[in-house]
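Worksheet: the structure to be examined is printed underneath.
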2 protein chains.
Amino acid sequence: MSFVIFLANQYPDMFSKACEYGIKAMIYVATQSLKGERVKIGDIVEKVGSPEAFTAKILGDLAKNGLIESLKGPYGGFYIRPDQMESTRIIQIVSVIDGDSIFLGCGLGLSECNAQKPCPMHSKFVKIRSELKNALESTTLLELANGIKSGQTILVR
Amino acid sequence: MSFVIFLANQYPDMFSKACEYGIKAMIYVATQSLKGERVKIGDIVEKVGSPEAFTAKILGDLAKNGLIESLKGPYGGFYIRPDQMESTRIIQIVSVIDGDSIFLGCGLGLSECNAQKPCPMHSKFVKIRSELKNALESTTLLELANGIKSGQTILVR
DNA sequence: TCTATTTTCGACAATTTTATCGGAAATAGA
DNA sequence: TCTATTTCCGATAAAATTGTCGAAAATAGA
Ligand code: FES
Ligand code: FES
């Protein structure tokens, strides 16, 4: 008889929570911006299922990096311009929040990923990592927002 | 003029540190086990570049799950049997330490990855995730140990 | 049996990530 | 100018991961 003892870590996901929240918030704001509407943080977190103050911070960071507009005061909120929506790629959101070690760094944590002196997993990782990078680079915010608008995809479960 | 503000998280790698250390330690122990030698934790962490007590804990967990043998006392240490070395796949190490959310979970953190009601990134992720799973499933510890033995790959930089 | 060695294990500490709070700053409208 | 609204931002707290310490348990050999 044998069974597995479980003691797995809790947050070893593809992206950090901050990054998941950031991507989903951006997508929701994009859908509303397509209708010309600014959205308040309270509305965003309701649709995305994320903590309010934390999400506000993340959107603030994305605003500093020019990926989203914000306006204070009544009738204020977050907004993504049409040109921003078309030009921003998901990889930009990920880079701001999580950095680029997931596409550039060594999968086994060597200080540098180097094909001349590779880690044992290098040849297995290189292709997957570049496909991930390519996927994030090639998909625009507009594309994902359209998926939500048409009801093909969802932001919360 | 425009520049990027950096505030990226610090540990959003493919695997957790614990998992990186675990994989590298297993590979090193495997190379020595090929020579019929048991290795002490002090030797392991020297070759892997990981913190001693932390690495010992991780190896203890892997031992509980039957992926490695340990023996206390003089001439004791860690050892991987030939049958273990051939049968254990990297995915088993990852599953014990990090769980399986990286190959099974939704990339945007929805409570479940569901093709009927997918998140906006689902179609982009499904292929990459399954390739990662496949890569980790198909590579054996023995294969990676041989890479180290022949000097083609390294464990520390 | 005694000693030296080495893993095991619980407690604890440090660091990072996640999350909350409260008030300042900005804005729109009255 | 005053008020209400909303983002911004620093301080702080909570939780998770990473890392350390010390002593118990097991083992080999004298
Ligand atoms: S050296 Fe490790 S992934 Fe390239
Ligand atoms: S539902 Fe998000 S990856 Fe499948």
Side-chain angles (χ1 to χ4, degrees), chain A residues 5 7-22 24-25 29 32 37-46 48-65 67-80 96-99 101-102 109, chain B residues 5 7-22 24-25 29 32 37-46 48-65 67-80 96-99 101-102 109:
Chain A
I5 295 96
L7 32 99
N9 276 345
Q10 204 149 344
Y11 288 138
D13 248 329
M14 181 94 79
F15 305 122
S16 69
K17 284 289 167 197
C19 195
E20 289 174 2
Y21 299 156
K24 290 194 281 189
V29 174
Q32 301 312 103
E37 286 177 13
R38 253 193 293 266
V39 276
K40 294 181 282 234
I41 188 65
D43 184 22
I44 297 171
V45 302
E46 187 188 317
V48 157
S50 59
E52 178 162 325
F54 193 35
T55 306
K57 276 234 159 95
I58 296 161
L59 287 178
D61 294 341
L62 293 169
K64 282 203 197 79
N65 282 272
L67 302 184
I68 189 174
E69 304 285 326
S70 66
L71 187 67
K72 295 175 187 172
Y75 301 93
F78 293 92
Y79 180 76
I80 299 175
V96 167
I97 303 174
D98 274 356
S101 74
I102 202 169
Chain B
I5 294 96
L7 31 100
N9 277 345
Q10 202 150 346
Y11 288 140
D13 248 327
M14 180 95 79
F15 305 121
S16 69
K17 284 289 168 198
C19 195
E20 291 175 0
Y21 299 156
K24 290 193 281 189
V29 174
Q32 301 312 102
E37 287 177 13
R38 254 192 293 267
V39 277
K40 296 183 279 239
I41 188 65
D43 184 21
I44 297 171
V45 303
E46 187 188 315
V48 157
S50 59
E52 177 162 327
F54 193 35
T55 307
K57 278 236 160 92
I58 296 162
L59 288 177
D61 294 342
L62 293 168
K64 283 203 196 79
N65 282 271
L67 302 185
I68 189 174
E69 303 285 327
S70 66
L71 186 66
K72 294 176 187 172
Y75 301 93
F78 292 91
Y79 180 76
I80 299 176
V96 166
I97 303 174
D98 275 356
S101 73
I102 202 170

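In what follows, chains are A, B, ... by sequence order, proteins preceding strands, each numbered from 1. What you see is a predicted model, and the numbers here were worked out from it, not measured in a lab.
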B:Asn9 side chain to A:Ser16 backbone, donor-acceptor under 3.5 Å
no
Of the listed nucleotides D:dT18, C:dT18, C:dT7, the one nearest the side chain of A:Ser16:
C:dT18
Is A:Asp43 salt-bridged to A:Lys40, cutoff N-O under 4.0 Å?
no
Do B:Asp61 and B:Ile97 come within less than 4.5 Å of each other through their side chains, counting heavy atoms only?
no
Go through C:dT7, C:dT17, D:dT17 for me and flag the one nearest to the B:Lys40 side chain.
C:dT7
Let's test this: given Watson-Crick or G-U wobble pairing with both distances under 3.5 Å, identify the partner of C:dA30.
D:dT1
How is A:Ala63 classified with respect to the nucleic acid when contacts are heavy atoms under 4.0 Å: base, sugar-phosphate, or nothing?
nothing
Is the shortest side-chain N/O distance from B:Ser70 to OP1 or OP2 of C:dT6 below 4.0 Å?
no
All heavy atoms of A:Met14 vs all of B:Ile102, minimum pair found to be N-CG1, 4.5 Å
Starting from C1' on D:dT18, measure out to CD on B:Gln10 and report it in whole angstrom.
12 Å
Starting at atom CD of A:Glu46, determine the distance to atom P of D:dT6, rounded to an integer number of angstrom.
14 Å
List the steps, then state whether side-chain contact (heavy atoms from CB on, under 4.5 Å) holds for B:Thr55 with B:Val48.
CA-CA 10 Å; B:Thr55 307; B:Val48 157; 5.8 Å; no
Round to a whole Å and report the spacing from NZ of B:Lys17 to P of C:dT16.
11 Å
Paired with A:Tyr21, the side-chain contact (heavy atoms from CB on, under 4.5 Å) test is passed by just one of A:Ile58, A:Leu59, A:Val45, namely A:Ile58
Distance check needed: D:dT17 P versus A:Asp13 CG, whole Å only.
11 Å
side-chain contact (heavy atoms from CB on, under 4.5 Å) involving B:Tyr75 - partner list, sequence neighbours excluded:
none
Rounded to whole Å, please give me the gap between CG in B:Asp43 and C1' in C:dT7.
15 Å
I'd like a table of atom pairs between the protein and nucleotides 24-30 of chain D - only N or O on both sides, under 3.5 Å - with the distance next to each one.
none

Between C:dT5 atom P and B:Arg38 atom CZ, what is the distance in whole Å?
17 Å
Applying a 4.0 Å non-hydrogen cut-off, can you work out what B:Gly42 is touching in the nucleic acid: base, sugar-phosphate, or nothing?
nothing
For A:Ser101 and B:Asp13, the nearest pair of non-hydrogen atoms, with its separation, is OG-OD1, 3.5 Å
When you compare the side chain of B:Ile80 with that of B:Glu69, does any pair of heavy atoms fall below 4.5 Å?
no
Roughly how many Å is it from CD in B:Glu69 to C1' in C:dT6, rounded to a whole number?
16 Å
For residues A:Ile68 and A:Tyr79, determine if any side-chain heavy atom of one lies less than 4.5 Å from a side-chain heavy atom of the other.
no
What's the CG-P distance between A:Leu62 and D:dT7, to the nearest Å?
15 Å
Taking DNA chain C as the partner, which of residues 50-58 of chain A come within under 4.0 angstrom of it by heavy atom?
A:Pro51, A:Ala53, A:Phe54, A:Lys57
With a 4.0 Å limit, can you tell me whether A:Tyr21 has a side-chain N or O closer than that to the phosphate oxygens OP1/OP2 of C:dA19?
yes
Just checking A:Ile41: base, sugar-phosphate only, or nothing, at a heavy-atom cut-off of under 4.0 Å?
sugar-phosphate
